[in-house]
There are 4 protein chains.
Amino acid sequence: MASVNKVILIGNLGRDPELRTFPSGGQVANVSLATTETWKDRQTGERRELTEWHNLVFSDRLAEVAAQYLRKGSPVYIEGRIRTRKWQDQSGQDRYTTEIRVDNMQMLGGRGEGGGGNYGAAEAGGQGSYGNSAPAPARQPAAPASAAQRSAAPPAAAFDNGFEDDDIPF
Amino acid sequence: MASVNKVILIGNLGRDPELRTFPSGGQVANVSLATTETWKDRQTGERRELTEWHNLVFSDRLAEVAAQYLRKGSPVYIEGRIRTRKWQDQSGQDRYTTEIRVDNMQMLGGRGEGGGGNYGAAEAGGQGSYGNSAPAPARQPAAPASAAQRSAAPPAAAFDNGFEDDDIPF
Amino acid sequence: MASVNKVILIGNLGRDPELRTFPSGGQVANVSLATTETWKDRQTGERRELTEWHNLVFSDRLAEVAAQYLRKGSPVYIEGRIRTRKWQDQSGQDRYTTEIRVDNMQMLGGRGEGGGGNYGAAEAGGQGSYGNSAPAPARQPAAPASAAQRSAAPPAAAFDNGFEDDDIPF
Amino acid sequence: MASVNKVILIGNLGRDPELRTFPSGGQVANVSLATTETWKDRQTGERRELTEWHNLVFSDRLAEVAAQYLRKGSPVYIEGRIRTRKWQDQSGQDRYTTEIRVDNMQMLGGRGEGGGGNYGAAEAGGQGSYGNSAPAPARQPAAPASAAQRSAAPPAAAFDNGFEDDDIPF
DNA sequence: TTTT
DNA sequence: TTTT
């Protein structure tokens with residue numbers, strides 16, 4: 001059965017990426033990316049805009065590159081796929097978080113880009129195209145400690161849960 | 001600031017689309033689309049697969065076409081953008097649902113496609129490319145009745161909330 | 001019959017765009033965009049790269065924006081479709097030129113970008129997303145003078161030919 | 001420098017793919033894919049349509065799959081990149097041919113698709129997603145015999161030229 | 001003809 | 001939380 005799940009985004013990072021390394025050696029970097037849609041309101045004629053925040057998940061080699069070169073405010077192009085993870089909040093209720101698993105990225109903004117963040121590092125070595133040998137989903141890293149599993153659920157904890165189930169590919 | 005939010009999916013519908021018409025005349029059709037990723041497990045070598053369900057939202061003319069020609073099981077190509085809606089569950093907690101606002105669609109599967117559903121209708125008039133004059137977000141329809149607003153939150157109700165706020169473009 | 005013809009490019013312009021206005025009022029801007037692929041040679045292990053030049057064709061409102069804000073060296077994201085035009089060279093032989101009809105563009109490189117060119121203009125008003133109400137192909141402008149039709153064929157002349165046939169959409 | 005060169009097509013094959021194996025063991029399959037754009041003429045209001053033919057080039061494992069399962073008329077989704085090859089016609093003039101190097105494909109049309117061709121084979125084993133480990137361009141196969149190099153130039157010969165230069169990645 |  |  002034919003299947004395609006592809007996402008293409010260009011936007012700016014809301015924070016510096018957070019890199020985590022797992023006992024297995026796997027690495028993952030999470031960060032939010034903002035895309036902003038603007039249009040003119042048909043009724044009032046005024047300028048409107050709406051910002052969408054995307055939860056990006058970089059893995060393996062891409063995670064390293066993201067952590068090394070991307071900073072808060074960095075403009076970036078990414079290709080990836082949508083993945084919704086199920087987790088349980090404190091009350092045991094099912095909750096869902098949608099993420100973008102990044103398969104390919106391009107740093108944009110050649111000179112001195114980076115918003116309020118210290119993006120200088122990227123100047124040194126940044127620029128270029130990065131990707132995992134994508135199509136084939138890579139092995140997910142073993143989970144970090146997580147007593148929080150079926151309990152607390154701040155966005156950060158939610159992100160971790162995805163790696164608890166050994167059967168779900170990353 | 002440069003911004004791109006683009007999604008491309010090919011998959012099959014999980015149900016017949018549900019068409020709703022609003023007092024304002026606006027129309028919206030919701031339906032889930034499944035994409036399935038398959039790969040060979042690096043450790044065990046066995047075949048693995050993971051199905052992802054996407055909440056599609058068609059509007060205006062596209063909603064009509066979707067409701068008329070698409071059925072449970074219909075294979076379809078869509079282009080759209082990611083949109084996460086915030087809503088409150090019964091306990092008043094913030095919750096989020098990620099949807100794909102469809103900007104363009106192509107019915108796939110020329111002859112007798114449609115899984116278990118009665119996709120025959122599409123045979124009659126179906127096939128071809130459909131899109132709203134996309135880039136500019138269309139006017140969102142006024143909201144249908146909804147005492148449920150900040151309370152109950154089955155997926156369906158959640159879908160409705162997005163149309164309550166007159167200021168959010170569709 | 002299902003059909004999709006979509007191109008997504010990020011690269012830099014090789015020259016300033018050339019804007020032409022037709023008697024009909026239609027406008028078209030042509031410019032080349034370079035994309036560069038790099039990889040490590042499997043045999044020698046050395047760094048390799050290959051640059052591809054794409055003939056972009058902007059029309060109507062997009063042509064104006066491109067001519068006003070883009071310059072030689074400008075980094076840009078574009079979405080469009082592939083179109084191969086047939087024309088005759090001096091000896092009357094059929095020749096073909098492949099172009100990218102741009103449906104959507106995003107200027108990249110926020111601050112002082114623009115390579116060797118005078119990209120300053122873009123700083124003033126540039127930035128943002130531009131598109132024709134794409135899907136529906138716009139009316140092509142009437143052709144400019146062209147005694148050259150079935151004869152000379154420098155790239156420039158070749159570009160003009162596409163607008164000679166009133167029946168071909170732009 | 002940021003660079004993206006991506007093409008997404010859905011259409012039908014004009015012929016059965018031609019598979020060629022090179023002394024080096026490399027394999028390539030060529031085939032044309034038609035995409036059709038339709039629109040309503042703004043002036044006359046009549047239905048118009050334009051068919052575009054794309055030269056697809058599959059390599060290595062993808063070439064095998066294409067040759068085995070795709071047939072004249074087969075509906076297919078492909079992802080790839082644009083590549084324009086330069087060659088010399090009989091008179092020694094430079095000529096260019098634009099191709100789509102396929103990185104990923106999905107066979108569409110589940111039941112009995114295939115136009116006039118014998119697409120049955122696909123029913124047996126067909127369906128599913130196929131791709132080379134894309135991003136990194138694969139080694140190009142050594143060239144087949146070609147006295148025709150700088151002379152004759154039927155489309156087929158033109159296709160071969162790309163593999164003459166050992167330095168150009170596939 | 002661009003960019004790194 | 002970004003960017004304009």
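Convention: sequence-line order gives letters A, B, ...; per-chain numbering from 1. Reckoned from all heavy atoms, side chains included, excluding hydrogens, waters and symmetry mates.
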Would you call the rings of Tyr77(A) and Tyr77(C) parallel, tilted or perpendicular, where under 30° means parallel and over 60° means perpendicular?
tilted
Do Gln106(C) and Val4(B) come close enough that some side-chain heavy atom pair is under 4.5 Å?
yes
Between the side chains of Glu79(D) and Lys6(A), is the shortest nitrogen-to-carboxylate-oxygen separation below 4.0 Å, so that they form an ion pair?
yes
Distance in angstrom units between [X] [atom1] and [N] [atom2], rounded:
{"X": "Arg15(A)", "N": "dT2(F)", "atom1": "CZ", "atom2": "P", "result": "8 Å"}
{"X": "Leu13(A)", "N": "dT1(F)", "atom1": "CG", "atom2": "P", "result": "15 Å"}
{"X": "Asn12(C)", "N": "dT3(E)", "atom1": "CG", "atom2": "C1'", "result": "4 Å"}
{"X": "Gln106(C)", "N": "dT2(F)", "atom1": "CD", "atom2": "C1'", "result": "15 Å"}
{"X": "Arg71(A)", "N": "dT2(F)", "atom1": "CZ", "atom2": "P", "result": "16 Å"}
{"X": "Asn30(C)", "N": "dT2(E)", "atom1": "CG", "atom2": "C1'", "result": "17 Å"}
{"X": "Met107(C)", "N": "dT4(F)", "atom1": "CE", "atom2": "C1'", "result": "11 Å"}
{"X": "Ile78(C)", "N": "dT2(E)", "atom1": "CD1", "atom2": "C1'", "result": "15 Å"}

Could you work out, with side chain to side chain donor-acceptor pair (under 3.5 Å) as the rule, every residue matching Ser32(C), not counting sequence neighbours?
none
Between Lys72(A) and dT2(F), does any side-chain N or O lie under 4.0 Å from OP1 or OP2?
yes
For Glu49(C) and His54(C), find the nucleotide of DNA chain E closest to each by heavy atoms; which residue's nucleotide sits nearer the 5' end?
His54(C)
Has the side chain of Thr51(A) got a donor or acceptor atom sitting under 3.5 Å from an opposite partner on the base of dT2(F)?
yes
Counting side-chain heavy atoms from CB outward, which of dT3(F), dT4(E), dT2(F) is closest to Met1(B)?
dT3(F)
Does the side-chain ring of Trp53(C) lie flat on the base of dT2(E), meaning centres under 5.5 Å and planes less than 30 degrees apart?
no
